[in-house]
Trainee: 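What follows is a structure written as structure tokens; I'll ask about it next.
Just so it is clear, the values below take in all heavy atoms, side chains as well, and ignore hydrogens, waters and symmetry mates. All values reported here derive from a predicted model rather than from experimental measurement. Each chain gets a letter, A, B and so on, in the order the sequences are listed, and its residues count up from 1.
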Amino acid sequence: FIKMLSNRTVSVLKWGRCEAYTAVYPKVPDRVLNFSPLPSLSSPNRNLSAFPAQVYMSENGALPRLGKVLTADTMNANVKKVDYAVRGPIVQRAVQIEKELKEGVKKPFEEVIKANIGDAHAMGQRPITFFRQVMALCTYPLLLDDNKFPEDVKNRARRILQSCGGNSIGAYTTSQGIDCVRHDVANYIQRRDGGIPSDPDNIYLTTGASDGIVTILKLLNTGEGRTRTGVMISIPQYPLYSASIAELGAVQVNYYLNEEKCWSLDISELQRSLQAAREHCNPSVLCIINPGNPTGQVQSRQCIEDVIQFAAKENLFLMADEVYQDNVYAEGCEFHSFKKVLFEMGPEYSSKVELASFHSTSKCYMGECGFRGGYMEVINMDPEVKAQLTKLVSVRLCPPAPGQALMDLVVNSPQPGEPSHQTFMKERTAILSALAEKAKLTEQILNTVPGISCNPVQGAMYSFPRITLPERSINEAKAKGQAPDMFYCMKLLEETGICLVPGSGFGQREGTYHFRMTILPPTDKLKTLLNKLKEFHQKFTQQYS
Amino acid sequence: MYAPPTETENLGNRKSRNTGCDNGESLRPSHTPTGCGNSYSAGYCSFILSAKASAGRLDGKMREKTLTMDTLNPQVKAVEYAVRGPIVIKAGEIERYLEEGGTKPFSEVIKANIGDAHAMGQQPITFLRQVVALCTFPELMDSPSFPEDAKWRARRILQGCGGHSLGSYSASPGVECIRKDIAAYIEQRDEGVPSDWENIYLTTGASDGIMTILRLLVSGKDSSRTGVMIPIPQYPLYSAAISEMDAVQVNYYLDEDNCWALDINELHRAHQAAKQHCQPRVICIINPGNPTGQVQSKKCIEEVLHFAYEENLFVMSDEVYQDNVYAPDCQFHSFKKVLYEMGPEYFSSVELVSFHSTSKGYTGECGFRGGYMEVINMDPEVKAQLVKLLSVRLCPPLAGQAAMDVIVNPPQPEEHTFKQFHQEKSSVLGALAEKAKLTEQILNAVPGIKCNPVQGAMYAFPRIFIPPKAVEEAKALGMQPDMLYCLRLLEETGICVVPGSGFGQKDRTYHFRMTILPSIEKLNVLLGKVRDFHIRFLKEYSGLE
């Protein structure tokens with residue numbers, strides 16, 4: 001407990017109660033310091049009104065306190081089961097090392113490179129000027145009179161503010177999100193999907209995509225024992241899924257992506273996994289991440305169709321995590337939304353299959369993670385359940401209004417003919433083509449390292465290479481009670497300052513080892529990083545063979 | 001009274017889902033293809049209709065919905081949140097009806113249901129918006145129209161952000177320099193009581209923090225299930241969160257005859273009674289009170305803390321209205337400070353979390369979803385679990401964190417903007433104090449309405465007399481009597497207030513909550529309309545005409 005207090009408090013407490021206490025805090029009323037023994041505290045029903053309120057402490061301070069209310073033993077057991085590797089122990093150690101470097105501790109490197117998380121701006125990516133201009137105007141509307149801002153910026157800001165309570169971004173919005181933003185999102189989806197209609201009433205703004213995903217899982221979570229909801233997730237997966245499943249006490253149902261076939265999804269594997277799960281739970285929801293995180297694959301249209309057919313046949317609720325929809329790099333790959341494929345499959349599917357798809361301001365070319373913007377579109381949701389969803393989101397009042405405004409700009413970006421269009425397109429293209437280049441670079445360099453094999457990064461923001469670890473390092477890790485790839489990543493961090501996330505945090509086939517790294521650092525830095533990684537891997541392999 | 005859990009209801013909902021193909025659920029009209037009419041384009045709709053014959057069939061089998069009211073998470077179903085409940089939905093409908101040219105006996109809906117200052121016309125604090133705008137669009141640093149003190153605050157915040165961008169993720173507990181500013185603010189507010197910045201966690205509004213802490217605390221089964229003591233009347237976030245987590249709600253009643261004061265004997269009674277059914281482990285206090293507006297005396301806080309100490313209860317102190325104290329004989333005392341003053345026996349053992357927010361006070365920045373919590377005496381292992389849990393949601397919105405920073409680090413007397421800032425702040429708080437008094441006075445002049453002094457916060461919660469005939473009519477409609485009253489008020493005057501039943505109240509007493517936020521002119525009109533309505537309502541139902 002001492003560790004948790006500031007030095008000042010510790011010194012106060014260490015000195016024996018009263019003297020130091022008055023020294024630091026002279027306004028303490030005298031009566032608190034004049035202790036007298038308490039009347040009996042053992043009788044639970046004693047009448048407190050007969051008990052002078054100011055006399056609380058016994059001479060020796062030994063009141064029958066039972067210890068902490070909230071301990072590792074008494075806390076919510078489901079919370080304890082939650083694991084979130086992307087910000088797990090390795091990242092905590094990285095932060096610690098950063099502090100040590102600042103304090104002048106000598107290390108074999110000068111800076112920590114956090115390639116653990118898809119945080120574009122932290123890696124030096126510049127925000128899109130248009131977005132930030134509109135956001136500044138929404139925040140400080142006096143700037144609407146400033147002639148330095150282009151007209152399309154002002155128009156967007158005015159339109160957003162007009163639909164905010166009191167024309168202020170500081171007002172609560174409706175819980176589902178600002179009306180005009182939901183309309184813009186629906187129009188965007190309709191355009192993106194080649195005219196397939198989207199209903200603004202089906203759009204819910206969220207606090208980042210994570211919030212939407214957790215909310216939908218919350219609705220689906222029910223039953224006990226064998227009827228408990230099973231949630232099918234890909235392995236490897238983004239650990240938000242496993243973490244939410246653990247917290248909700250649902251059953252995690254793994255289906256494995258096929259690493260040999262570029263992390264593609266195999267329907268027979270879905271079938272296998274579902275059959276096995278039905279023995280012990282009620283699998284009722286199937287989660288897909290496309291483009292894949294951490295695996296970077298982009299699903300083919302055929303594969304999506306097969307998945308939808310499978311979901312329809314097996315009565316599964318579909319959750320499509322499409323936050324990387326603009327991050328497709330590989331030639332021959334294209335993003336297909338689940339919504340579009342579903343509707344192209346005809347009404348027997350499009351009027352039945354329940355689908356929620358998710359998008360966010362944090363990824364793609366925007367990388368605006370800090371704004372916590374996002375939306376979800378729900379299709380074919382039972383109207384009564386939808387009312388329950390609206391009620392549930394209303395308890396949290398509303399998603400952050402700046403994040404909603406930003407989401408609006410993403411779906412309603414400058415059009416040809418508007419003054420900001422050219423700059424916007426230039427910035428957007430520069431970011432996306434740099435990402436494409438870095439995706440290729442990462443794959444190429446990693447594949448030159450003996451003992452590392454990396455699938456093409458078709459999309460998203462990560463590579464998830466497979467690493468071969470010498471038997472001896474595996475044994476040493478196990479002796480330490482560590483996952484072998486955690487052992488590897490920790491050593492990498494300590495020796496090079498590179499922070500990656502071990503594959504075990506995402507799930508992987510037994511006996512295989514991976515790590516996830518973002519491709520976000522600027523090209524030069526990425527090259528340095530990859531070369532350091534290469535050297536480390538060779539050294540590591542030598543040391544343990 | 002101990003509120004029994006909705007056990008029977010839950011059991012009913014947990015029955016395994018109906019898998020018969022002739023389930024009426026799947027044949028409800030809204031699920032058939034014709035249900036697409038509401039906003040789908042006509043062309044698309046006819047496309048769907050032409051294929052109607054094959055709709056609803058998959059491999060010869062009807063597909064039912066996966067997620068229905070029967071299969072929905074029963075805890076979600078149990079959630080109620082009156083502040084955005086049916087009456088507010090109705091108000092929204094009326095607003096749209098008016099917009100579309102419909103006629104009503106009034107020209108606008110006045111939403112006095114929620115503490116949304118900006119929506120009621122309160123102007124944002126200029127300085128706060130300047131800092132956030134500078135953080136959002138740092139090119140403005142070169143603009144001479146922004147004051148230097150705003151610029152250096154923005155620079156400092158940006159230096160604490162990854163890549164100096166508000167668009168990067170922050171550490172999950174929040175931006176470090178903002179946590180430090182908050183700790184310094186608390187120390188200053190509490191006249192030197194130490195605050196450790198590592199005990200500070202930024203949140204997405206206070207609601208998020210409250211839910212997170214409750215999530216840690218809820219555990220056990222049946223009679224060892226966590227009981228959460230909450231005041232009645234309460235802010236319905238608490239009851240909603242308790243329902244969602246399937247914890248046990250333990251009501252303690254505030255004393256309406258004594259200006260909604262908290263009576264320590266009532267705490268004992270509630271605690272004793274609850275122990276029969278559950279394990280009460282946490283006590284929630286809202287001070288200043290929502291919806292009841294009382295400001296707790298220091299003595300009362302001491303009693304509560306002593307009670308928590310004796311009964312081994314975790315204390316959650318909701319202090320979001322700490323700057324909203326109007327009554328001249330009242331003062332805000334933080335639980336933290338009072339705990340410290342009670343001496344180290346208390347200060348080193350009672351587990352306390354207190355909450356604050358950007359949404360209330362004099363800033364009213366609800367849309368930013370900013371807030372923080374300070375965690376005292378939490379078991380270090382549990383704290384690690386808390387950090388892990390927060391990390392799954394990545395981070396609170398950065399703009400909200402920046403707004404929080406301005407609130408805890410406002411312009412100082414020697415700074416350029418101090419005068420304007422101070423002027424804006426006192427004008428908001430001065431007007432609120434005036435409106436608090438006005439509301440109480442006008443309401444108390446109405447026969448059949450009795451309103452306690454609005455000592456603090458942003459609401460009046462008057463008791464209303466509802467004639468027995470109206471009570472009977474409501475019951476016949478399956479409605480709470482105060483819901484009937486509020487619906488009639490809305491229909492006849494356009495004023496939207498929340499029925500007391502949404503907050504909880506003693507049996508056979510009726511109330512409503514209204515904010516005091518409208519401008520003085522509007523508030524005068526509003527109160528006049530409430531008075532006229534109430535008199536009309538009494539006449540109509542008491543047959544005294």
Trainee: Looking only at heavy atoms and a cut-off of under 4.5 Å, which of B/Ser168, B/Gly162, B/Ser219, B/Gly163 has the most pairs with chain A?
Mentor: B/Ser168
Trainee: What part of A/Ser394 gets within 4.5 angstrom of chain B, counting heavy atoms only: side chain, backbone, both, or neither?
Mentor: both
Trainee: Does a salt bridge link B/Arg215 with A/Glu247, judged by any charged N lying under 4.0 Å from a carboxylate O?
Mentor: yes
Trainee: Quick one: of B/Ser170, B/Ala399, B/Ala240, who has the most non-hydrogen atom pairs under 4.5 Å with chain A?
Mentor: B/Ser170
Trainee: Highest number of heavy-atom pairs under 4.5 Å with chain B: which of A/Thr174, A/Asn221, A/Val95, A/Val285?
Mentor: A/Asn221
Trainee: Determine whether A/Val395 and B/Leu237 make a side-chain contact, defined as any pair of heavy atoms from C-beta on separated by less than 4.5 Å.
Mentor: yes
Trainee: With a 4.5 Å limit on heavy-atom distance, are the side chains of B/Val382 and A/Lys68 in contact?
Mentor: no
Trainee: Excluding sequence neighbours, so at least two apart, what forms side-chain hydrogen bond (donor to acceptor under 3.5 Å, both in side chains) with A/Ser362?
Mentor: A/Ser360
Trainee: Does any heavy atom of chain A fall under 4.5 Å from the side chain of B/Met245, the backbone, both, or neither of them?
Mentor: neither
Trainee: With a 4.5 angstrom heavy-atom cut-off, could you sort out which part of B/Ser143 is near chain A: side chain, backbone, both or neither?
Mentor: neither
Trainee: Which atom pair, heavy atoms only, marks the closest approach of A/Pro141 to B/Arg129?
Mentor: CD-NH1, 4.5 Å
Trainee: By a 4.5 Å heavy-atom criterion (distance strictly below it), what part of A/Leu392 contacts chain B: side chain, backbone, both, or neither?
Mentor: side chain
Trainee: Sort A/Pro239 into side chain, backbone, both or neither according to what part of it lies under 4.5 angstrom from a heavy atom of chain B.
Mentor: neither
Trainee: Are any side-chain N or O atoms of B/Lys65 and backbone N or O atoms of A/Asn380, one a donor and one an acceptor, separated by less than 3.5 Å?
Mentor: yes
Trainee: Identify the two heavy atoms, one from A/Asp119 and one from B/Gly167, that lie closest to each other, and give their separation to 0.1 Å.
Mentor: OD1-O, 4.4 Å
Trainee: Considering only heavy atoms from C-beta outward, does the side chain of B/Asn73 approach that of A/Leu219 to under 4.5 Å?
Mentor: no
Trainee: Between A/Ala122, A/Cys164, A/Ala72, A/Ala186, which has the largest tally of heavy atom pairs under 4.5 Å with chain B?
Mentor: A/Ala122
Trainee: Is chain A contacted by the side chain of B/Ala171, its backbone, both, or neither, given a heavy-atom distance below 4.5 Å?
Mentor: backbone
Trainee: In chain order, what residues pass the side-chain hydrogen bond (donor to acceptor under 3.5 Å, both in side chains) check against A/Gln309, with sequence neighbours excluded?
Mentor: A/Tyr349
Trainee: Which answer fits A/Leu143, side chain, backbone, both or neither, if we ask what part of it has an atom under 4.5 Å from a heavy atom of chain B?
Mentor: side chain
Trainee: Check for a donor-acceptor pair, side chain of B/Ser207 on one end and backbone N or O of A/Arg396 on the other, with a separation under 3.5 Å.
Mentor: no
Trainee: Can you check side-chain contact (heavy atoms from CB on, under 4.5 Å) on B/Thr68 and A/Glu384, steps first, answer last?
Mentor: CA-CA 8 Å; B/Thr68 65; A/Glu384 281 181 83; over 6 Å; no
Trainee: Of all the heavy-atom pairs spanning B/Leu67 and A/Glu354, show the shortest one and how long it is.
Mentor: N-OE1, 2.9 Å
Trainee: Between B/Leu128, B/Leu140, B/Leu386, which shows the greatest number of heavy-atom pairs under 4.5 Å with chain A?
Mentor: B/Leu140
Trainee: Check each atom of A/Asp211 against the heavy atoms of chain B and say whether the ones under 4.5 Å are side chain, backbone, both or neither.
Mentor: both
Trainee: Would you mind checking which part of B/Gln123 comes under 4.5 Å of any heavy atom in chain A, side chain (CB onward), backbone (N, CA, C, O), both or neither?
Mentor: neither
Trainee: A/Ile117 versus chain B, heavy atoms under 4.5 Å apart: side chain, backbone, both or neither?
Mentor: side chain
Trainee: Measure distances from A/Thr390 to the heavy atoms of chain B and classify the residue's part below 4.5 Å as side chain, backbone, both or neither.
Mentor: neither
Trainee: What is the minimum heavy-atom distance between B/Ser165 and A/Arg132, and which atoms define it?
Mentor: OG-NH2, 2.9 Å
Trainee: Taking all non-hydrogen atoms of both residues into account, name the closest pair between B/Thr66 and A/Ser284 and its distance.
Mentor: CG2-O, 3.3 Å
Trainee: Which region of A/Arg372, side chain (C-beta onward) or backbone (N, CA, C, O), has a non-hydrogen atom less than 4.5 Å from a non-hydrogen atom of chain B, or is it both or neither?
Mentor: side chain
Trainee: Heavy-atom pairs under 4.5 Å with chain A: which of B/Leu217, B/Thr226, B/Ile89, B/Thr204 has the most?
Mentor: B/Leu217
Trainee: A/Gly367, A/Gly370, A/Gly118, A/Pro399: which one forms the most heavy-atom pairs within less than 4.5 Å of chain B?
Mentor: A/Gly370
Trainee: Using a 4.5 angstrom heavy-atom cutoff, name the option from A/Gly403, A/Cys398, A/Ala77 with the most pairs to chain B.
Mentor: A/Cys398
Trainee: Chain B: which of A/Gln133, A/Met135, A/Gln404, A/Met366 shares the most heavy-atom pairs with it under 4.5 Å?
Mentor: A/Gln133
Trainee: A/Leu70 versus B/Asp379: any side-chain heavy-atom pair under 4.5 Å?
Mentor: no
Trainee: Identify the heavy atoms of A/Thr139 and B/Phe368 that sit nearest to each other, and give their distance.
Mentor: CG2-CZ, 4.3 Å
Trainee: Quick one: what part of B/Cys161 sits under 4.5 Å from any heavy atom of chain A, side chain, backbone, both or neither?
Mentor: neither
Trainee: I'd like to check B/Glu139 versus A/Lys148 (side-chain heavy atoms, cut-off strictly below 4.5 Å). Are they in contact?
Mentor: no
Trainee: If you tally heavy-atom pairs under 4.5 Å against chain B, which of A/Ala387, A/Pro402, A/Pro127, A/Ala243 wins?
Mentor: A/Pro402
Trainee: Quick one: what part of A/Val214 sits under 4.5 Å from any heavy atom of chain B, side chain, backbone, both or neither?
Mentor: side chain
